[in-house]
2 protein chains.
Amino acid sequence: MKQNELKNQDGLTESEFLQQYDPSSYQRPSVTVDMLIFTVTDEERANYRKLSEKTLKLLLIKRGDHPDMGQWALPGGFVRFKESVEEAALRELREETNIDQVYMEQLYTWGDVNRDPRTRVISCSYMALVDRGSLNVQAGDDAVDAGWFGVEYEVVQEQRQLIADGLRREKLVKITLSHETVQLSALVKLVEIREGRVCKVEREILESRGIGFDHAKIIEYAIERLRNKLEYTDIVFNLMPEAFTLSELQQVYEVILGRPLLAAAFRRKIAPMVEETKRFTKNAGHRPSRFYRFNPLWLSREQE
Amino acid sequence: MKQNELKNQDGLTESEFLQQYDPSSYQRPSVTVDMLIFTVTDEERANYRKLSEKTLKLLLIKRGDHPDMGQWALPGGFVRFKESVEEAALRELREETNIDQVYMEQLYTWGDVNRDPRTRVISCSYMALVDRGSLNVQAGDDAVDAGWFGVEYEVVQEQRQLIADGLRREKLVKITLSHETVQLSALVKLVEIREGRVCKVEREILESRGIGFDHAKIIEYAIERLRNKLEYTDIVFNLMPEAFTLSELQQVYEVILGRPLLAAAFRRKIAPMVEETKRFTKNAGHRPSRFYRFNPLWLSREQE
DNA sequence: TCAATAGTGTCTATTAGACAGTATACC
DNA sequence: GGTATACTGTCTAATAGACACTATTGA
């Protein structure tokens, strides 16, 4: 940015203006990042020839200090004055997972006034997708414990209602998070009101068992985004190892979308995104499956 | 949030902890909102029987003080300590356009360290779509002038390049903004690097003529989002008056997407989103066109 | 009558869903 | 041989692109 020689109403040039500018003259909110770190894991096989099932997992930290001490929350922390928001997110990611070569994207910024009892906190959420193989988790510094929670997302109620000059849609989503013996859950209400031309979506936490702050809302949002992007981008491959079978890939889609897919159609759709390898699975108790890898020449449409 | 009777490492309960918590102990960034307020206007008709052309317009404010005094920038301002980020956006919108019943959505939060020479500023951008009819613009308080700028978006170069273990895509976008005799322009470079599983998109401003701060980048991002959402949601109707013809609607699509559409396919696709009225255009110099209105029963897929 | 737009019909290509049918390992 | 998965073929339905064709007005 070039310096500006114009003088403002007080007769100051840009550099004079900046010299007298006092940033401490009003109260500022704090800014944090919240990380939604997802991965997919294999569960135990029920029997030697069955495929192992996949589970979508989310990393949570047990809060070791106030506020919401003892509850589980998204990893995250304050954005430092001299780092960008993205750098803060990468730093948190590294602190929690010990890796930094991962896919990460910004989700949404949560700006309500009373999100945190300490002070006014605006939080910018990021979603990271990591492949289980490259992972070696450790608890963050201010956390008693960290855990990968299995994620379940269920729409328990859906309503549509005509109102004056528009429509109101309501959806109740139950989110269940489980890790060893710990089970957390939340009920999030999504309301979409359309009145005339105004359309507004609001999220409200009706119940939050063991999940700190307003993080249930953020988790709900992230799962929706993940599901949507799964369908029109190639982000899945961030959850996969270097080589994978198409059945595994399909399982990952199914566990994230929460519904079964037809193999034939799935393979057709996925075909241009992957390339064959010469390797096959072994000792499966059934027909071996070919390994594929991501085809980087695949052209995704521009995102977002 | 319930108070917590647990004691932390210092032996404090939650309420004791909050009492001794000092939020002023470290330096904080400022948070602002930047508003991308779009509308579509009719240009003069070239001849009595031609249709008038549509133009996509964006509201910009001429900066009346440092920094970037004299340049044009997105309307916006600081988020106050006791208002939510969304409230701040609505407030700015009201200050600029004098209306508050409009469509608005959060776009992205820009968190680089040196975005603003005054101090560290994190900016949360919002897009608002308004219909020209309900509009009566006035300049904001700290602005010398406000103007609706015609928006042109042109991809001037596109490159794909194989790199070790991945792909690099580069796109140069030229944005031109014009209002009366003022013409602003910017060249934004978009780089998408895909190395192994890591995928990153970065935006860089190569040239910015008359556009303040890093706003050219934000404008580029907003236009991309607007284009994408046009295709899979019903946001167009926020840019339309209560009643409109399908040709007008198609024109709006065309001017935003920057390419012509085939009428037959367009009508088929749009059909379930609109409902007929009994009114027709008059004195057009050609066959009259039926007016339609938005059908609020149309079910958009869940957004984002 | 004709310029200019409004609106429809239909052929084709592509894609998603459904499901049957074949292939192949390992116990 | 039987089980469980891998993978293909094909019918159908839905949708998008292309383009020709008909309809309707005001000057």
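Bear in mind that the values here come from a model prediction, so they are computed numbers and not experimental data. Labels below follow one simple rule: chain letters A, B, ... track the order of the sequence lines, proteins then strands, and each chain is numbered from 1.
- Of the side-chain N and O atoms in A/S247, one or more sit less than 4.0 angstrom from OP1 or OP2 of D/dA6.
- Of the candidate nucleotides D/dT5, D/dA4, C/dC26, C/dC26 has the atom lying nearest to any side-chain atom of A/N283.
- Atom CZ of B/R290 and atom C1' of C/dT5 are 16 Å apart (whole Å).
- Rounded to an integer number of Å, the gap from CZ of A/F280 to P of C/dA23 is 15 Å.
- The base of C/dG17 sits with one of its N or O atoms less than 3.5 Å from a complementary donor or acceptor on the side chain of A/R268.
- Regarding contacts with the backbone of C/dA3, every side-chain N or O of B/N47 stays at 4.0 angstrom or more from both OP1 and OP2.
- Straight-line distance from the NZ atom of B/K54 to the P atom of C/dT5: 13 Å, rounded to whole Å.
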(request) Check the pair A/V252, A/L230 against side chain to side chain contact (heavy atoms under 4.5 Å, CB included), reporting the backbone distance first and the verdict last. (result) CA-CA 10 Å; A/V252 173; A/L230 208 60; 5.9 Å; no

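- The nearest whole Å value for the distance from the NE2 atom in B/H286 to the P atom in C/dG7 is 10 Å.
- No donor-acceptor distance shorter than 3.5 angstrom exists from the side chain of B/E53 to the backbone of B/V255, with no hydrogens or angles considered.
- We find that CG of B/L51 is positioned 8 Å from C1' of C/dA4, with the value rounded to whole Å.
- At distances below 3.5 Å, not a single donor-acceptor pair connects side-chain atoms of A/T39 with backbone N or O atoms of A/K57.
- Ring geometry for A/F244 against A/F237 counts as tilted: the plane angle lies between 30° and 60°, on a 0 to 90° scale.
- One interatomic measurement links the two molecules: CG of A/L249 to P of D/dC7, which rounds to 12 Å at whole-angstrom precision.
- Comparing D/dG26, C/dA6, C/dT24 against the side chain of A/P288 picks out C/dT24 as the nearest.
- The CD atom of B/Q251 sits 11 Å away from the C1' atom of C/dT5 (whole-angstrom rounding).
- Residue contacts shown for B/A264 include a base, since a base heavy atom lies under 4.0 Å away.
- At a cut-off of 3.5 angstrom, counting only N and O atoms as typed in the model, there is a donor on one side and an acceptor on the other between the side-chain of B/R49 and the base of D/dG26.
- Under 3.5 Å, the side chain of B/R287 and the base of C/dA6 form at least one donor-acceptor pair of N or O atoms.
- A distance of 5.5 Å separates CD in B/E220 from CD1 in B/I175, rounded to the nearest 0.5 Å.
- Within the 4.0 Å cut-off from OP1 or OP2 of C/dA25, not a single side-chain nitrogen or oxygen of A/T281 is found.
- Comparing A/A263 and B/L246 along DNA chain C, the residue whose closest nucleotide (by nearest heavy atom) sits nearer the 5' end is B/L246.
- Across all strands shown, A/K50 has heavy atoms under 4.0 Å from sugar-phosphate atoms exclusively, and none from any base.
- Protein atom CG of A/L261 is 12 Å distant from nucleotide atom P of C/dA16, rounded to whole Å.
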